[in-house]
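A short write-up of the structure that comes next.
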Amino acid sequence: MKKILTVLFSLLVIAAMLLAACKPPAPAAPEAAAPAEEAAPVEEAAPAEEAAPPEKVTIRWFVGLGTGANPEHIPGQEEVVARFNETHDNIELVVEFVENSIAPDQLKTQIAAGDPPDIIGPVGWSGTNEFSGLFLDLEPYLGAFDWGDFDADSINAYRLEGEGLLGLPFAVFPSMIYYNRDLFDEAGLAYPPQNYGDPYADGDPWTVEKLEELALALTVDANGNDANSPDFDPKNIVQFGYHSQWTDPRGQAAALFGADNFIDDEGNAVLSERWRSAFNWYYEGMHVKHFMPNTTYQESDLLAAGNPFDSGNVAIVHCHLWYTCCLGNVPNWDMAVVPSYNDAGDVTVKLHADTFRIFASTENPEEAVEVLLYLTGEAAGDLLQIYGGMPGRISLQEEFFATMDERFPQGVNWDVAVQGLAYPDVPNHESNLPNYAKAYDRIGAFQTLYESTPDLDINAELDNLVADLQVIFDEAK
């Protein structure tokens with residue numbers, strides 16, 4: 001019994017030892033936690049700053065070398081500028097209007113002061129001749145420009161050898177005959193023809209001689225005598241038959257007698273027999289036959305103080321398409337084709353073509369080109385209505401003439417203008433001359449002389465003009 005108890009005791013001890021070995025160890029006492037770092041105060045997020053608007057580049061547009069500075073032109077152009085500035089956040093377009101008579105001198109002053117504008121225009125050949133060599137070649141700035149809306153020949157007209165592409169086709173202004181239907185009706189005369197090659201209504205060729213015949217019949221004095229009457233009083237004329245409106249001597253000669261110039265290929269001053277005939281014809285028309293107004297009449301109230309056709313007292317004028325800008329007092333006018341110089345149908349339609357040019361001195365050529373593309377593209381339709389120019393862009397021509405019909409509801413045969421593009425004056429009557437400003441002034445002085453002076457030896461004065469021009473040309477050598 002004792003032995004059994006001893007065995008049981010031993011088994012209990014072994015069991016206790018096995019239980020002790022299988023018991024999981026007690027968890028270790030936790031270590032003291034490190035003192036927590038003081039949390040940094042949370043800063044409130046600063047409000048996001050609004051992005052500053054991009055700084056605008058100022059581009060100055062100078063208007064006045066050509067058309068555009070007349071009071072009636074200004075509001076529409078200001079609207080174009082306002083629309084540009086509203087839709088472009090990188091450019092501020094600023095326009096300067098300068099009266100045409102002082103614009104060249106003002107531009108020269110700005111250039112001399114080192115402060116020329118960026119863009120000039122609209123302007124044609126004559127207006128830029130004095131500034132030849134100062135303009136930016138546009139070609140490097142146009143990239144993949146789409147030329148599909150232009151006639152190829154019209155583009156090439158703006159590429160000058162040695163200077164590059166100086167402008168884009170914008171406005172073309174063919175010349176034509178404007179006539180007052182009411183004055184023709186009153187005289188019982190048929191209107192002049194409206195298609196090149198057509199004769200006058202009586203079957204006679206439509207020539208300068210036929211134009212003179214009509215003009216004499218349409219020139220009337222205060223007693224109702226026309227210029228063919230022996231009782232006609234040239235000191236009391238109340239209505240004139242013909243006037244070549246708003247052009248210089250080269251324009252007058254080219255208008256009816258054909259394209260030519262005062263300079264030959266060797267740079268010598270010359271006068272062709274054709275142009276000598278032209279100036280004799282104009283002089284006699286003013287001071288001998290009296291069917292054209294001289295200076296005194298041109299500037300009188302009878303002829304609207306310088307706008308003869310719009311006075312309603314001139315039956316026929318020769319002028320350009322842009323003249324529609326300045327017609328408001330003659331409600332019943334229309335267009336006719338330019339007469340030929342002779343029976344052979346020798347026709348010349350003197351042509352103006354305006355565009356915009358950028359000075360090479362601009363500090364911002366890319367922005368200036370952006371403005372130029374706007375003026376000749378998006379804004380072209382509006383500007384052309386202001387200036388009266390036929391669009392250089394083919395896509396705008398139909399709309400242009402439709403709008404012109406709204407302005408002139410009496411009905412105008414605009415096809416006369418389109419036809420005229422086939423007979424441009426080459427060389428152009430506004431082409432460059434050596435020592436251009438001085439030559440232009442001398443030619444202008446001749447015009448003042450022959451339009452205002454009766455009993456003038458016109459041929460002697462023409463010889464003096466050629467001699468003086470030779471001296472002026474030689475000064476440029």
Side-chain angles (χ1 to χ4, degrees), residues 64-67 98-112 120 123-135 157 160-163 166 175 244-280 282-283 295 320 348 350-354 357 424-453 456-477:
L65 283 182
T67 189
V98 183
E99 182 185 341
N100 180 261
S101 62
I102 63 173
D105 287 338
Q106 184 156 327
L107 185 57
K108 291 174 194 173
T109 299
Q110 293 184 7
I111 293 171
I120 60 171
V123 63
W125 289 286
S126 179
T128 58
N129 284 338
E130 290 186 77
F131 309 100
S132 178
L134 299 182
F135 298 109
L160 299 186
E161 185 175 354
E163 297 184 63
L166 303 185
S175 60
S244 182
Q245 183 148 335
W246 294 347
T247 190
D248 67 359
R250 291 196 294 172
Q252 288 182 339
L256 298 179
F257 287 76
D260 212 323
N261 209 344
F262 284 119
I263 190 168
D264 64 16
D265 293 339
E266 285 73 43
N268 299 311
V270 294
L271 178 65
S272 67
E273 286 305 311
R274 174 181 290 211
W275 273 23
R276 186 178 290 273
S277 297
F279 293 118
N280 274 271
Y282 279 104
Y283 184 77
T295 299
H320 290 263
T348 300
K350 68 188 182 82
L351 181 67
H352 288 169
D354 284 0
R357 298 195 183 192
D425 54 331
V426 180
N428 188 269
H429 64 288
E430 293 187 336
S431 57
N432 204 359
L433 292 170
N435 206 355
Y436 183 78
K438 198 167 183 179
Y440 184 85
D441 288 344
R442 178 62 182 89
I443 295 169
F446 167 68
Q447 180 176 17
T448 299
L449 180 69
Y450 80 76
E451 289 191 354
S452 62
T453 310
L456 187 71
D457 187 341
I458 184 65
N459 285 300
E461 292 302 330
L462 283 166
D463 292 340
N464 291 337
L465 172 64
V466 174
D468 289 348
L469 287 176
Q470 185 64 62
V471 173
I472 292 169
F473 295 166
D474 288 342
E475 290 175 356
K477 293 180 179 178

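Positions are given from 1, in the same order as the sequence printed here.
- We find the CD1-OG1 distance between Ile458 and Thr453 to be 9.0 Å, quoted to the nearest 0.5 Å.
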- Message: Would Leu166 and Thr128 count as a side chain to side chain contact (heavy atoms under 4.5 Å, CB included) here? Give the steps.
- Response: CA-CA 11 Å; Leu166 303 185; Thr128 58; over 6 Å; no
- Would you please test Ile102 and Val98 for side chain to side chain contact (heavy atoms under 4.5 Å, CB included) and show each step? CA-CA 7 Å; Ile102 63 173; Val98 183; 3.8 Å; yes
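- Legend: salt bridge (Lys or Arg N to Asp or Glu O under 4.0 Å) pairs involving residues 430-443, not counting sequence neighbours, sorted by first then second residue: Lys438-Glu475, Arg442-Asp468.
- In this structure, the separation between CG on Leu433 and CZ on Phe473 is 4.5 Å, given to the nearest 0.5 Å.
- At distances below 3.5 Å, at least one donor-acceptor pair connects side-chain atoms of Asp248 with backbone N or O atoms of Gly251.
- Between atom CG of residue Asn432 and atom CG of residue Asn129 there is a gap of 4.0 Å, rounded to the nearest 0.5 Å.
- Interatomic distance, NZ of Lys350 versus OG of Ser244, reported as 6.0 Å (0.5 Å rounding).
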- So Leu256 and Tyr282, side chain to side chain contact (heavy atoms under 4.5 Å, CB included) or not? Walk me through it. CA-CA 10 Å; Leu256 298 179; Tyr282 279 104; 3.9 Å; yes
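- Residues satisfying the side-chain contact (heavy atoms from CB on, under 4.5 Å) test with Glu461, not counting sequence neighbours, are Phe446, Leu449, Leu456, Asn464.
- A donor-acceptor pair shorter than 3.5 Å cannot be found between the side chains of Thr67 and Asp354.
- Among residues two or more places apart in sequence or in another chain, the side-chain contact (heavy atoms from CB on, under 4.5 Å) test is passed with Glu266 by Asp264, Asn268.
- In terms of the ring pair (Phe, Tyr, Trp, His ring centres under 6.0 Å) criterion, residue partners of Trp246 (sequence neighbours excluded) are, by chain and number, Tyr323.
- Checked against ring pair (Phe, Tyr, Trp, His ring centres under 6.0 Å), Tyr283 has the following partners two or more places apart in sequence or in another chain: His287.
- Every residue was checked against the side-chain hydrogen bond (donor to acceptor under 3.5 Å, both in side chains) condition with Asn100, not counting sequence neighbours, and none meets it.
- Residues that satisfy the side-chain hydrogen bond (donor to acceptor under 3.5 Å, both in side chains) test with Tyr436, not counting sequence neighbours, are Ser126.
- Looking at residues two or more places apart in sequence or on another chain, you find no side-chain hydrogen bond (donor to acceptor under 3.5 Å, both in side chains) involving Thr448.
- Within the model, atoms NE2 of His352 and OG of Ser175 stand 8.0 Å from one another, a figure rounded to the nearest 0.5 Å.
- The side-chain contact (heavy atoms from CB on, under 4.5 Å) search around Trp275 returns Arg250, Ala253, Ala254, Asp260, Phe262, Leu271, Ser272, Phe279, not counting sequence neighbours.
- Residues passing the side-chain contact (heavy atoms from CB on, under 4.5 Å) test with Phe131 are Leu65, Leu107, Lys108, Ile111, Leu134, Phe135, sequence neighbours excluded.
- For Gln470 (side chain) and Val270 (main-chain N/O), no donor-acceptor pair under 3.5 Å exists by modelled atom type.
- Side-chain atoms of Pro104 and Glu130, non-hydrogen and from C-beta on, do get closer than 4.5 Å to each other.
- Of all heavy-atom pairs between Ala259 and Thr348, the closest is N-OG1, 3.8 Å.
- Annotation: the span from Ser277 atom OG to Phe257 atom CZ amounts to 6.5 Å, rounded to 0.5 Å.
- Partners of Gln106 by side-chain hydrogen bond (donor to acceptor under 3.5 Å, both in side chains), not counting sequence neighbours: none found.
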